[in-house]
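Notes to accompany the following structure.
These numbers come from the heavy atoms of this one structure, side chains and all, not from hydrogens, waters or symmetry mates. The model shown is predicted, which means the values in this text are computed figures rather than measured ones.
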Amino acid sequence: PCPAEIVDTLPPCSQQCVPEFGPSTSTESFDLSVVASGLDSPRDLAFHPTPGIHLGNYSEGRTFHPTKGEELWVVNGNNHSISIVASLGTEYQTTISRRDRGYYHYMNNVTALAFNEVKSSNRLEAQDTFNFFAVCNDNLNDYIGAKEPNFFMGPTLYDTDVVNKRGKMNTVNRHGADCSDPADQCFFLHADMLHESPACVGIAHDPELLTAYGAVYWAFDTTGDRSGNGGQLVRFDFSQPHGPGSMDHSIASVRRYPDIKLYRDDFSHSHAGMIVHPGKRILFISNPGKNGGEVTAVRIDTGRYSRTAREEYPIFSNRLPSFEYSIYECTEEYTFASGIRNPSGMALSLDGERLFVAERAGKILALEVDSGTVLQTIDVSPMGYTTIGGMAVSPTSGDLYFVDIDANEVVKVEASDGECTYNSLLNSGYKSDIEFSQKEFSANCGSSVPFSLTRDFSCSVSGIIPNGTLFEQVHTDGYASENPDVQSDAGMDASAALLTNRTDCEYDSGLNFDALLLGGYFCHVCLPQNHGSSCDDGGTCQNIQWQGFTCDNEFYVDYDDDSDSLVLSSLYYETTYSHENIIDIFRGTTYRFTVRTGDDRPVKITQNLDMTGGNSISISRLQNPSSFEDVTTGPILVSIDETSPDFIYLTSGELKPVTFVIKHREAEGLTDDNMPTTVLPSAAVYFSAQEAFMWVALLSLVGYAAFMD
């Protein structure tokens, strides 16, 4: 058969036809359709195994349709988020983006993700990690460039099940409560994290059935032993995920495979596809920097324990002996396909017979799994797609999807119509010879030594007896305290409390930013990008130890039955406001009004007080920026700038409005320690429409949709 690499002595194989591409004899064997755009350097994508289990019917003030279509998850490297494309390909399709509150550590330059898709594993329900996913982060733990790298970085694990696990805090709001209120903005809360693969560019879930939790992932660690001689394959078994809100990493297993050499490409925005063939137990890896670009195949059930990794790789997650950190050697590997230029994304056909591999510059190859030969190739570069990242196959239709990193799009490959078949390029005589050899080998060598064409039977591990002192090492430049209470709500010792006043935030200062996270800081002067918070533009955060943070530019809007009026509240200022207050807000800030009034009390922001609604202008709600409907549940975001009026009003029907006066923060000489309010006489609350219009002649209010697409 013809190899994937084209050489002078062997002609290339003729193009055949795979169903995902369509007949190659036609002028164009495929079409492309953009299914999502406006992303932010998308690196990888994957189909959620249970659509709707995360978003449900309603989230963040938006309606979703979990029974309509598939659900596609896309990781964005530039804004460290995940875009969820719900009801894919239907009239209900919509996109919502979500990230971790501590994205600068847990999702920093996220470059790959993988779901546990094993539905029927027979594991205990309380232990099964079906519907979990892990992400891979391409950074050295530099807190988005704010801190000198310390290499304490690796995959982060999340549980996506929100619908069936209410109260478990798989998602939380800003201040750390379970995100069960349909009006709240929600954030991922990680279920576990391990720290032995900095600058990781690829990850794959292992569909094995032997471990108790099924949380085994394989990762492409580009740093290796930091000698400059490439990276390594690393196996992460989260073993018993610590769950949301904990930092206990003592029960896990991490195994390094230094004999599996992996080499990244030269691009800053990278992705290396990885996938485990469930039947063959072979891990396929895009290895762009090896031999000019190849797909490496690893028989993942081979390899033998050699020694502890703690001496040669002294950065690891936990010092206790229950945390396994080992080196495995004599692992079987081979080159599955060579001559592939900068291989990136990878996907497996539904029947497991075809492996799709993308060349970053725009070609997609369909290779036969049994023979490793190219069946068909398509070129999408003429359509402008020259930075292909991850790929995924629809679990229902079998259609192939990919992301383009620079185009910021998810693209579907649509096969052309027509009969499509191909002939296997695996020699039938070869298959019979293999079967015969297997029988002969077992008869002569016994069943304890499996037959293999790729195994080096002369390989022996270089085991070293572990030194007991190695188990005492852990992140010594590190954490605020060794007291386990510091890692939970149980308490906080003095060293963790002192972190509040640390201001030595310089790139090379002695303050370890990991200590801030372990000490319960979600908002701190040293954390990057608005003190680590996800406050909307111009907002100031305030930390809530162990739980989260509040923002000075966020208000909750409720209806009070007793007074028959709107009531605003601020967690930041710990204050409640009524229509009798004028509330100061400031230019250069985006304000979030989280409305919880219910269907009978629609709320809007308006420029005037004409209660007939004749010329009032409302701010669009988050899920539909072109709509001017009133909001009953969910966010209203308003950007206040130099062209905004001096007054705006929060109204609901005939209820008395709440008045906001817009000021310049600097001109008022104000700080973020307080927000002045003025109590008005009730008669002074109302202005005529003509008077209101005088204040708002320069109105320019913008409905702002954060993290959309």
Side-chain angles (χ1 to χ4, degrees), residues 100-108 137 139-144 146-158 169 172 174-176 187-198 238 240-252 254 314-320 322-323 325 471-505 509-529 531-534 541-549:
D100 195 302
R101 292 174 302 169
Y103 61 90
Y104 37 81
H105 180 69
Y106 302 109
M107 283 188 174
N108 181 357
N137 303 297
N139 72 91
L140 302 177
N141 199 30
D142 63 352
Y143 283 76
I144 318 182
K147 193 62 181 172
E148 189 174 27
N150 66 2
F151 292 83
F152 196 64
M153 176 54 56
T156 313
L157 184 71
Y158 295 90
M169 301 204 312
V172 294
R174 286 174 173 170
H175 50 277
F187 299 85
F188 295 119
L189 185 58
H190 77 286
D192 211 341
M193 185 181 187
L194 296 171
H195 309 85
E196 291 74 27
S197 62
F238 290 91
Q240 182 178 323
H242 61 51
S246 174
M247 295 286 187
D248 182 6
H249 306 117
S250 62
I251 303 178
V254 179
I315 297 175
F316 48 89
S317 296
N318 195 278
R319 73 180 186 276
L320 297 178
S322 58
F323 174 77
Y325 192 28
F471 295 99
E472 298 175 2
Q473 190 280 337
V474 58
H475 207 268
T476 52
D477 56 343
Y479 285 140
S481 174
E482 294 184 358
N483 181 350
D485 284 348
V486 177
Q487 303 184 34
S488 68
D489 291 338
M492 179 178 66
D493 71 357
S495 58
L498 289 174
L499 293 173
T500 300
N501 300 318
R502 293 285 293 270
T503 58
D504 50 331
C505 309
S509 73
L511 176 62
N512 189 301
F513 286 9
D514 296 336
L516 297 176
L517 293 183
L518 192 70
Y521 293 89
F522 298 89
C523 166
H524 190 279
V525 65
C526 290
L527 289 175
Q529 297 191 6
H531 298 173
S533 77
S534 295
C541 65
Q542 180 171 287
N543 193 62
I544 306 176
Q545 202 79 28
W546 310 115
Q547 298 177 38
F549 59 92

Subject >> Side-chain heavy-atom pair H531, F549 within 4.5 angstrom cut-off >> reply: no
Original post:
Between the main-chain N or O of G519 and the side-chain N or O of Q545, is there a donor-acceptor pair closer than 3.5 Å?
Top reply: yes
Subject >> Shortest non-hydrogen contact from N137 toward H105 >> reply: ND2-O, 4.4 Å
Subject >> Candidate pair Y106 and L517, rule side chain to side chain contact (heavy atoms under 4.5 Å, CB included), full reasoning >> reply: CA-CA 11 Å; Y106 302 109; L517 293 183; 4.0 Å; yes
**OP:** Anything under 30° is parallel, anything over 60° is perpendicular, the rest tilted; go ahead and classify Y325 against F316.
**Re:** tilted
Original post:
Nearest 0.5 Å, what's the CG-CG distance between N150 and D514?
Top reply: 5.0 Å
Original post:
Within a strict 4.5 Å, meaning less than it, do heavy atoms of the P198 and N141 side chains meet?
Top reply: no
**OP:** Give the minimum heavy-atom separation between L527 and Y104, together with the two atoms involved.
**Re:** CD1-OH, 3.5 Å
Original post:
Taking side chain as C-beta onward, heavy atoms only, is F187 less than 4.5 Å from Y103?
Top reply: no
Original post:
Are any side-chain N or O atoms of E196 and backbone N or O atoms of S317, one a donor and one an acceptor, separated by less than 3.5 Å?
Top reply: yes
**OP:** Can you measure from CG (L140) to CZ (F151) and round to the nearest 0.5 angstrom?
**Re:** 4.5 Å
Subject >> pair Y158-M107: side-chain heavy atoms closer than 4.5 Å >> reply: yes
Original post:
Closest approach of S250 and S322, non-hydrogen atoms and distance?
Top reply: O-OG, 2.7 Å
Original post:
How far apart are the closest heavy atoms of L499 and A515, and which atoms are they?
Top reply: CD1-O, 3.6 Å
**OP:** Please name the pair of heavy atoms, one in M153 and one in M193, separated by the smallest distance, quoted to 0.1 Å.
**Re:** SD-CE, 3.6 Å
Original post:
Should the pair F152 and H195 be assigned to parallel (<30°), tilted (30 to 60°) or perpendicular (>60°) ring geometry?
Top reply: parallel
**OP:** Give the ring-plane orientation class for Y143 versus F513, where under 30° counts as parallel, over 60° as perpendicular and anything between as tilted.
**Re:** perpendicular
Original post:
Would you find a donor on one side and an acceptor on the other, under 3.5 Å apart, between the side chain of N318 and the backbone of F323?
Top reply: no
Original post:
Quick check: does any side chain N or O of R101 sit under 3.5 Å from a backbone N or O of R174, one acting as donor and the other as acceptor?
Top reply: yes
Original post:
Do the side chains of H242 and H190 get nearer than 4.5 Å, heavy atoms only?
Top reply: yes
Original post:
Taking atom CZ of F238 and atom CG of D192, what is their separation to the nearest 0.5 Å?
Top reply: 5.5 Å
Original post:
Does S533 reach the main-chain N or O of C541 with its side chain, forming a donor-acceptor pair under 3.5 Å?
Top reply: no
**OP:** Would you confirm whether N543, through its side chain, and F522, through its main-chain N or O, come within 3.5 Å as a donor-acceptor pair?
**Re:** yes
Original post:
Taking atom CG of L189 and atom CE of M169, what is their separation to the nearest 0.5 Å?
Top reply: 6.0 Å
Original post:
Does S509 offer a backbone N or O that forms a donor-acceptor pair with the side chain of K147 under 3.5 Å?
Top reply: yes
Original post:
Do you know the tightest heavy-atom contact between P149 and D142?
Top reply: CG-CB, 4.1 Å
Subject >> Inter-residue atom distance N108.CG - D100.CG, 0.5 Å rounding >> reply: 11.5 Å
